[in-house]
2 protein chains.
Amino acid sequence: MLTIGYLAKKTGTKVQTIRYYEQIGLMPEPGRTDGGQRRYGNAELDRLSFIRHARQLGFSLDAIRELLDLSDHPARSCEEADAIARRQLKQVEQRMARLEVLRLELERMIEECSGGRAADCRVLEVLRDHSECLTDHEGIGT
Amino acid sequence: MLTIGYLAKKTGTKVQTIRYYEQIGLMPEPGRTDGGQRRYGNAELDRLSFIRHARQLGFSLDAIRELLDLSDHPARSCEEADAIARRQLKQVEQRMARLEVLRLELERMIEECSGGRAADCRVLEVLRDHSECLTDHEGIGT
DNA sequence: TTAGCTCCTCTAGTCACTGTAGGTTCAAGG
DNA sequence: CCTTGAACCTACAGTGACTAGAGGAGCTAA
């Protein structure tokens, strides 16, 4: 019989977060001691590991709910899980591409910083100057 | 005299978001028409562009507050702005490194998906199997 | 004048937690 | 058996950065 604190330590989760997962129905309501403290089994530890691992991979709690549902009904097709993972991969790639643009612009900003007064600071200038902006909102909604 | 909707369109911001920025003191309280509608000048448009650009670069509203403060007092050193930008760059690089790890794992998951029943699905298996987990919580807190 | 678009305030909701207050239970040592 | 103190409990509020909706008022052009 495992305590909530043990699960927390094993999975790198905060105790409150586990209770939160229970509250939103992602974790089952566990058994309790006479005093009312939660006691878990290994199945719950595995489930929490699954959730945390998926969270680290950037899956939303909703996506995780889907995945857990799939793994609770193993007769269903793998395609759904695959589709969820592919969606996730796409999102990760988009985020990375976006971050790369940001990284380059930040590097440029820092490189050009003259070290003088804020009035001449390239960092502020770049942020102020709309013409150097990578995105263009002029055409939106027209 | 510019309406809030015009600012919104020009900067790719939602109208509510501009009012939110005003509420938290990031945008100034603008003048109003007799009927109580907000009317802005070009200075406010510039300020909002600055905010949005910085947001796109991943700066937090707090960091932007600092940057705006710097640019409002141009006699102060550029070093502070530089430091903020450097902090930001570091964070972006960390996020990218993390995403790269996730991307590889997601690719592996998808590649190994057999297309069969969920019971045999590698996607679910990888998420379930703690031994393949990249992070290790065993040693935490000991 | 009237249509209809934009604007107003206020409140509540989103996501995924995190923190705090104030109290209770449990396990180990004496 | 008693005490200590860590770990547990509930309940609620707060975070960041918006976003959505209700219900109404203002503005502009035909």
Side-chain angles (χ1 to χ4, degrees), chain A residues 1-27 29-40 44 47-48 50-68 87-88 91 95 98 102 140-142, chain B residues 1-27 29-40 44 47-48 50-68 87-88 91 95 98 102 140-142:
Chain A
M1 291 294 101
L2 315 171
T3 66
I4 196 170
Y6 181 84
L7 258 73
K9 200 180 278 183
K10 273 283 175 190
T11 60
T13 316
K14 301 234 160 164
V15 166
Q16 293 105 303
T17 305
I18 299 174
R19 291 198 280 248
Y20 167 72
Y21 287 161
E22 181 183 327
Q23 199 185 304
I24 62 169
L26 215 56
M27 287 290 287
E29 287 185 31
R32 302 269 187 152
T33 63
D34 290 349
Q37 298 194 355
R38 289 167 179 81
R39 286 301 121 96
Y40 296 92
E44 281 76 40
R47 192 180 177 93
L48 182 56
F50 183 103
I51 293 170
R52 293 309 288 180
H53 196 168
R55 281 296 294 142
Q56 278 163 18
L57 287 171
F59 290 91
S60 71
L61 292 184
D62 260 6
I64 292 170
R65 220 186 285 272
E66 282 185 80
L67 289 168
L68 281 168
R87 267 207 312 274
Q88 198 54 33
Q91 270 179 32
R95 267 183 261 167
R98 219 170 131 51
L102 305 189
I140 287 176
T142 54
Chain B
M1 291 294 99
L2 315 171
T3 66
I4 196 169
Y6 180 84
L7 257 73
K9 199 181 278 183
K10 271 284 174 188
T11 60
T13 316
K14 302 232 160 163
V15 165
Q16 293 104 303
T17 305
I18 299 174
R19 291 198 279 249
Y20 167 72
Y21 287 161
E22 181 184 327
Q23 198 186 305
I24 62 170
L26 215 57
M27 287 290 286
E29 287 184 31
R32 303 268 186 153
T33 63
D34 289 350
Q37 298 196 353
R38 290 169 180 81
R39 286 301 123 95
Y40 295 92
E44 280 76 42
R47 193 181 177 92
L48 182 57
F50 183 103
I51 294 169
R52 294 308 288 178
H53 196 169
R55 281 296 296 141
Q56 277 163 17
L57 286 171
F59 289 90
S60 70
L61 292 186
D62 261 7
I64 292 170
R65 219 187 285 274
E66 282 186 80
L67 289 169
L68 282 168
R87 268 207 311 274
Q88 197 51 35
Q91 271 179 32
R95 267 183 262 167
R98 218 169 132 53
L102 305 188
I140 286 176
T142 53

Can you check whether A/Y21 reaches A/I64 side chain to side chain, under 4.5 Å on heavy atoms? no
Atom OH of A/Y20 and atom P of D/dC9: how far apart are they, to the nearest Å? 18 Å
Is B/T3 close enough to C/dC7 that one of its side-chain N or O atoms is under 4.0 Å from OP1 or OP2 there? yes
Given D/dG16, is OP1 or OP2 found less than 4.0 Å from the side-chain N or O atoms of B/S60? no
Can you identify which nucleotide, out of C/dT9, D/dC9, D/dA17, has its nearest atom closest to the B/R38 side chain? C/dT9
Expressed in angstrom and rounded to an integer, what is the separation of B/Q23 atom CD from D/dC18 atom P? 13 Å
Side-chain N,O (B/T17) to OP1/OP2 (D/dA17) below 4.0 Å: no
Would you compute the distance between atom OG1 of B/T17 and atom CG of B/L7 and round it to the nearest 0.5 angstrom? 12.5 Å
Separation of B/Q16 atom CD from C/dC7 atom P, in whole Å? 11 Å
Considering only NZ, NE, NH1 and NH2 on the basic side and carboxylate oxygens on the acidic side, decide whether A/E44 and A/R38 come within less than 4.0 Å. no
Would you indicate, yes or no, if D/dA20 has its OP1 or OP2 atom less than 4.0 angstrom from a side-chain nitrogen or oxygen of B/K14? yes
Rounded to whole angstroms, how far apart are CD on A/E22 and P on C/dT18? 17 Å
Nearest-Å distance, CD1 (A/I18) to C1' (C/dA16)? 15 Å
The residue, B/D34 or A/R32, whose nearest nucleotide of DNA chain D is more 5′ is A/R32
Under 4.0 Å, counting only non-hydrogen atoms across every strand here, what does A/Y21 touch: a base, just sugar-phosphate, or nothing? sugar-phosphate
Minimum-distance nucleotide (side-chain atoms of A/Q37 versus C/dT18, D/dA20, D/dC9): D/dC9
So what does B/I24 touch, heavy atoms closer than 4.0 Å: a base, only the sugar-phosphate, or nothing? nothing
Checking all strands, does B/R55 fall into the base, sugar-phosphate, or nothing category for heavy-atom contacts under 4.0 angstrom? sugar-phosphate
Look at all strands and tell whether B/R39 reaches a base, only sugar-phosphate, or nothing, counting heavy atoms closer than 4.0 Å. nothing
At under 4.0 Å between heavy atoms, what does A/R19 touch on the DNA or RNA strands: base, sugar-phosphate, or nothing? base
Nearest whole Å is fine: how far is C/dG13 P from A/L61 CG? 19 Å
Counting just side-chain N and O atoms, does B/T33 come under 4.0 Å of either OP1 or OP2 of D/dG26? no
For the CZ atom of A/R39 and the OH atom of A/Y6, what is their distance to the nearest 0.5 Å? 13.5 Å
Between B/L26 (CG) and D/dC18 (P), how many Å, whole number? 9 Å
Roughly how far, to the nearest 0.5 Å, is the CZ atom of B/R52 from the CD1 atom of B/I18? 8.5 Å
So CD1 of B/I4 and CD of B/Q37: to nearest 0.5 Å the spacing works out to 9.5 Å
Give the rounded distance in Å between these two atoms: CZ of A/R52 and P of C/dA16. 11 Å
